[in-house]
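Step one of this worksheet: look at the structure below.
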Amino acid sequence: LIFSHIGGWMNMPQGIPNCPPGLEYLTMIDQLLVHQKVEILEALTGFETKNKFTVKNSLGQKVYYAVEDSDCLTRNCCGPLRPFDMKILDNYKNEVIHLNRPLACDSCCFPCCLQSMEVSAPPGTIVGTVEQEWSIFCPTFAIKNASGDTVLRIEGPCCTFSICGDVEFKIMSGDGAVQVGKISKQWSGLMREMFTDTDYFGITFPMDLDVRMKAVMLGACFLIDAMFFEKAKGDENAASVL
């Protein structure tokens, strides 16, 4: 595996059989770093803009670039509950993964209408889904393949507030018996935490995990970010007054 210079783009591994186009990058990766781009307009005014993310490997090289696709009214009226599509692009601006989050609630009072994320790679070919499970206390999710089989589970903490430390969501085996990875929301400093909803995440998973499920885990990270770490409009305005 050959890498480009540090801080640049990761070179695509070649000769990977039976791999969806664009997912070759994930074959030799067991960790992804997701950095949200700081939006100056949003930081200054609290006006919710389209989220943009850079996805990097453990060496700091860029693997993907993710861009939210949603309308202005939905972003600023629905806030963290808003439905959206997300395009995940490679170095050549090809869309290699497509995420779709439909409109739903996340209340334990409505177990028939919980959060989900559909992951396609390439766009139009579903490779898996992230489905919130009904839970009163700690959030849990089922990670399913294209056939609807539960391959992995995610178990979140009962408290998702980041108080000068990371917030960890455990990635468990399909039966929930063994931890095989994690999605961590990383503490990014007091000022950034108070005045923006710009987030930093780390994702770890088994090296030999199917690349399709690695793509689904990336989708799970974006769903977790939207559900638990996107500030509501009122919260942003309150923070801007402090």
Side-chain angles (χ1 to χ4, degrees), residues 20 22-23 26 32 34-36 48 50-55 63-71 74-75 78-89 95-108 110-135 138-156 160 167-172 174 180-185 197 199 201-205 209-230:
L23 299 193
L26 300 178
L32 290 171
V34 180
H35 294 173
Q36 185 175 355
E48 187 70 33
K50 293 182 181 180
N51 286 334
K52 301 179 181 67
F53 302 84
T54 301
V55 182
V63 181
Y64 297 120
Y65 186 68
V67 183
E68 178 185 346
D69 184 9
S70 60
D71 62 78
T74 300
R75 287 195 306 275
C78 297
L81 289 177
R82 67 182 180 271
F84 62 80
D85 289 276
M86 185 168 290
K87 299 177 180 179
I88 300 180
L89 314 173
E95 184 181 1
V96 297
I97 304 172
H98 187 91
L99 310 178
N100 174 256
R101 181 201 189 191
L103 180 64
C105 70
D106 61 354
S107 171
C108 63
F110 299 97
C112 61
C113 189
L114 298 175
Q115 293 290 315
S116 64
M117 179 79 81
E118 184 180 81
V119 182
S120 300
T125 301
I126 298 174
V127 295
T129 57
V130 184
E131 300 181 14
Q132 182 187 11
E133 298 178 317
W134 185 80
S135 175
C138 300
T140 61
F141 300 85
I143 306 300
K144 299 183 178 182
N145 60 21
S147 300
D149 303 318
T150 299
V151 178
L152 298 168
R153 312 188 85 85
I154 295 178
E155 297 179 359
T160 58
V167 180
E168 181 177 306
F169 288 74
K170 297 178 181 179
I171 301 174
M172 310 296 292
V180 298
K182 63 182 179 180
I183 298 175
S184 298
K185 196 275 185 181
D197 57 2
D199 297 322
F201 287 88
I203 312 171
T204 59
F205 37 62
L209 183 66
D210 186 288
V211 291
R212 296 165 182 82
M213 300 317 298
K214 291 181 181 181
V216 177
M217 295 310 306
L218 183 57
C221 178
F222 289 122
L223 180 59
I224 287 171
D225 176 42
M227 289 179 62
F228 301 105
F229 303 109
E230 281 277 316

**Message:** Any non-hydrogen side-chain atom of L89 less than 4.5 Å from a side-chain atom of V96?
**Reply:** no
**Fill in**
The ring pair (Phe, Tyr, Trp, His ring centres under 6.0 Å) partners of F141 (sequence neighbours excluded) come to none
**Request:** Report yes if the side chains of L152 and F205 come closer than 4.5 Å at any heavy-atom pair, otherwise no.
**Result:** no
**Request:** Keeping the roles fixed (side chain from T204, backbone from K182), state whether a donor-acceptor pair exists under 3.5 Å.
**Result:** yes
**Message:** List the residues meeting side-chain contact (heavy atoms from CB on, under 4.5 Å) with A121, not counting sequence neighbours, and say none if there are none.
**Reply:** L23, I97, V127
**Message:** Rounded to the nearest 0.5 Å, what separates atom CH2 in W134 from atom OG1 in T140?
**Reply:** 10.5 Å
**Prompt:** Under the side-chain hydrogen bond (donor to acceptor under 3.5 Å, both in side chains) test, which residues partner K87, sequence neighbours left out?
**Reply:** none
**Asked** Can you list every salt bridge (Lys or Arg N to Asp or Glu O under 4.0 Å) pair that touches residues 116-125, not counting sequence neighbours?
**Response** none
**Least distance between heavy atoms, I126 atom then A146 atom** = O-CB, 3.4 Å
**Request:** Would you give the length of the straight line joining atom CG of L99 to atom CZ of F222, rounded to the nearest 0.5 angstrom?
**Result:** 6.5 Å
**Request:** Taking side-chain contact (heavy atoms from CB on, under 4.5 Å) as the test, write out the residues that go with T54, two or more places apart.
**Result:** K56, K62, Y65
**Prompt:** CD1/I143 to OG1/T129 distance, rounded to the nearest 0.5 angstrom?
**Reply:** 8.0 Å
**Contacts of type salt bridge (Lys or Arg N to Asp or Glu O under 4.0 Å), residue E155, not counting sequence neighbours** = none
**Message:** How long is the straight-line distance from NZ of K214 back to CG of L26, given to the nearest 0.5 Å?
**Reply:** 6.5 Å
**Asked** Between F169 and F229, what is the ring plane arrangement, given parallel below 30°, perpendicular above 60°, and tilted in between?
**Response** perpendicular
**Fill in**
Nearest heavy-atom approach of Y64 to G22 is OH-O, 2.6 Å
**Request:** Using the test side-chain contact (heavy atoms from CB on, under 4.5 Å), find all partners of P123 that sit at least two apart in sequence or belong to another chain.
**Result:** E95, H98
**Message:** Side chains of V211 and P20, heavy atoms from C-beta outward: is any pair under 4.5 Å?
**Reply:** yes
**Residues that S184 engages under side-chain hydrogen bond (donor to acceptor under 3.5 Å, both in side chains), provided they are two or more places apart** = none
**Prompt:** What's the shortest heavy-atom distance between Q115 and L223, and which atoms?
**Reply:** OE1-CD1, 4.0 Å
**Request:** Report yes if some heavy atom in the side chain of Q132 is under 4.5 Å from a heavy atom in the side chain of M227; otherwise report no.
**Result:** yes
**Asked** Distance from D85 atom CG to N100 atom CG, nearest 0.5 Å?
**Response** 4.5 Å
**Message:** Strictly below 4.0 Å, N to O, side chains only: are K144 and E131 in salt-bridge contact?
**Reply:** yes
**Message:** Taking side-chain hydrogen bond (donor to acceptor under 3.5 Å, both in side chains) as the definition, give me every residue that meets it alongside N145, ordered by chain and number, with sequence neighbours left out.
**Reply:** none
**Request:** Please name all residues satisfying salt bridge (Lys or Arg N to Asp or Glu O under 4.0 Å) with E133, sequence neighbours left out, ordered by chain then number.
**Result:** R153
**Request:** Search all heavy atoms of R101 against all heavy atoms of S116 and return the closest pair with its distance.
**Result:** CG-O, 3.6 Å
**Prompt:** Looking only at heavy atoms, what is the nearest atom pair of S135 and C138, with distance?
**Reply:** OG-O, 2.5 Å
**Complete:** Closest non-hydrogen contact found for A66 with I88 is CB-CG1, 4.1 Å
**Sequence-distant partners of K170, salt bridge (Lys or Arg N to Asp or Glu O under 4.0 Å), two or more places apart** = none
**Asked** Within a strict 4.5 Å, meaning less than it, do heavy atoms of the F53 and D225 side chains meet?
**Response** yes
**Asked** Rounded to the nearest 0.5 Å, how far does CD1 of I203 lie from SG of C221?
**Response** 4.0 Å
